[in-house]
There are 2 protein chains.
Amino acid sequence: MNIKEASEKTGVSSAAIRYYEKESLIPAIDRTPVGNRDIDDRIIRRIRFVTQMLSAGMSVENLRRYIELFDAQEDNTKEQKALLKEQLAVMEEKRDDLQAAIDHLNYKLNHFYDHMETTEEELRSLEREHAEKVAKQDAATDDEPDYHN
Amino acid sequence: MNIKEASEKTGVSSAAIRYYEKESLIPAIDRTPVGNRDIDDRIIRRIRFVTQMLSAGMSVENLRRYIELFDAQEDNTKEQKALLKEQLAVMEEKRDDLQAAIDHLNYKLNHFYDHMETTEEELRSLEREHAEKVAKQDAATDDEPDYHN
DNA sequence: CCTTGCCTTGAAGTCCACATGAAGGTTTAA
DNA sequence: TTAAACCTTCATGTGGACTTCAAGGCAAGG
């Protein structure tokens with residue numbers, strides 16, 4: 001498939017795909033005899049993975065470091081795991097911040113004060129609702145003991 | 001409190017606080033007789049709200065639109081709710097993308113393949129794990145019937 | 001043969017959320 | 001009184017993730 005079809009399939013612009021290849025976020029793409037990119041499903045999956053990570057807040061530089069480790073021949077298992085765990089922590093924090101903002105907006109939507117300022121009462125209420133949610137989630141994940149190793 | 005103290009309290013740089021005021025993301029700040037900003041807790045809360053929304057992926061422009069509506073005297077309740085819901089949808093999608101990426105990384109960490117490509121088996125496994133999680137979450141939130149109105 | 005429509009590379013431009021620098025004012029402390 | 005350590009405004013610079021531009025190649029249709 002040519003780059004335009006790949007672009008349509010992934011929702012990523014042709015220029016962005018070339019940029020990802022240049023930045024080594026995806027592997028070097030095979031070429032047709034005249035030099036055009038010939039993109040297969042393996043590349044499509046990598047493009048999707050890249051957009052997922054980028055939209056999740058990972059920088060191009062960090063994503064490249066991460067990918068380099070995985071593509072390396074040497075057995076970097078320890079380093080890889082460390083990097084993975086580091087990135088995981090960053091992303092989980094980001095997700096939690098996001099969830100807090102979502103809770104905040106949901107609170108606004110449900111209680112709907114006259115103006116948007118966060119009052120002390122509101123903060124306390126948010127904390128209570130958050131604590132309840134966390135308690136529930138913890139209970140729900142207690143039977144997945146080694147998921148976060 | 002002066003801008004440096006406010007900066008230390010919020011973790012937001014002085015330059016960024018001035019930028020937020022200029023962009024009307026926070027209200028006009030009171031000045032001391034010599035013209036220095038005198039920041040109170042109401043401003044601190046607004047700064048925290050702004051950083052939360054920005055880090056959640058809302059643009060300065062959208063955040064300003066949102067805040068303008070809330071600061072307006074007129075009763076914009078409908079528009080406000082619509083805007084809130086719109087933003088909420090964006091953030092929830094972002095959170096879900098983030099969660100998918102986290103699941104992906106957790107999978108790597110637990111099963112640890114030689115390289116990072118997502119194979120068909122891996123995708124199926126991820127989907128199974130995700131389906132289980134969703135089922136659990138749904139069960140856990142079923143007793144909060146009107147939270148998402 | 002020439003237009004249409006795809007592609008290539010490399011360089012330069014854009015947008016956003018600030019960061020940094022210049023030039024100056026005020027207060028405290030030696 | 002002069003230096004340090006804050007502050008102000010206004011203007012310009014920066015980094016990241018692309019986008020757009022310029023200049024050209026290849027293949028098919030009329």
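So you know, we letter chains A, B, ... as the sequences are listed, proteins then strands, and number each from 1.
Note on A:Asp41 versus A:Lys9: salt bridge recorded, some NZ/NE/NH1/NH2 to OD/OE distance being below 4.0 Å. In summary, B:Arg95 and A:Glu92 do not engage in a salt bridge, as defined by a charged side-chain N under 4.0 Å from a carboxylate O. Using a cutoff of 4.0 Å between basic side-chain nitrogens and carboxylate oxygens, B:Arg65 and B:Glu23 are not scored as salt-bridged.
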### Message
Does the protein touch nucleotides 6-13 of chain C at the base, only the backbone, or not at all? Give it as B, S and - per nucleotide, heavy atoms under 4.0 Å.
### Response
SSBB----

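Residue A:Ile26 contributes atom CD1, which lies 12 Å from atom P of D:dC18 at whole-angstrom precision. The separation between A:Arg65 atom CZ and D:dG16 atom P is 13 Å, rounded to whole Å. One interatomic measurement links the two molecules: CD of A:Glu23 to P of D:dG16, which rounds to 10 Å at whole-angstrom precision. A straight line from CG of B:Leu25 to C1' of C:dA17 spans 10 Å, rounded to a whole angstrom. The interatomic distance linking B:Ile17 (CD1) with C:dC18 (C1') rounds to 13 Å, in whole Å. Separating the CG atom of B:Asp38 from the C1' atom of C:dT26 is a distance of 15 Å, rounded to the nearest angstrom. Rounded to an integer number of Å, the gap from B:Arg64 CZ to C:dC18 P is 13 Å.
Rounding to the nearest 0.5 Å places CG of B:Asp30 at 13.0 Å from CG of B:Asn36.
Residue A:Tyr20 places no side-chain N or O under 4.0 Å from the OP1 or OP2 atom of D:dA17. Put simply, B:Tyr19 has no side-chain N or O that comes within less than 4.0 Å of OP1 or OP2 on C:dC16.
B:Tyr19 is listed as a side-chain neighbour of B:Val60, based on a closest heavy-atom distance under 4.5 Å. Contact of the B:Ile43 side chain with the B:Asp40 side chain is registered, since non-hydrogen atoms from C-beta on lie closer than 4.5 Å.
Backbone-only engagement by B:Ala16 is indicated by non-hydrogen atom pairs under 4.0 Å involving sugar-phosphate atoms exclusively. Backbone-only contact: B:Ser13 has heavy atoms under 4.0 Å from sugar-phosphate atoms and none from a base.
The nearest pair of heavy atoms linking B:Ile39 to B:Ile3 is CD1-CA, 4.0 Å.
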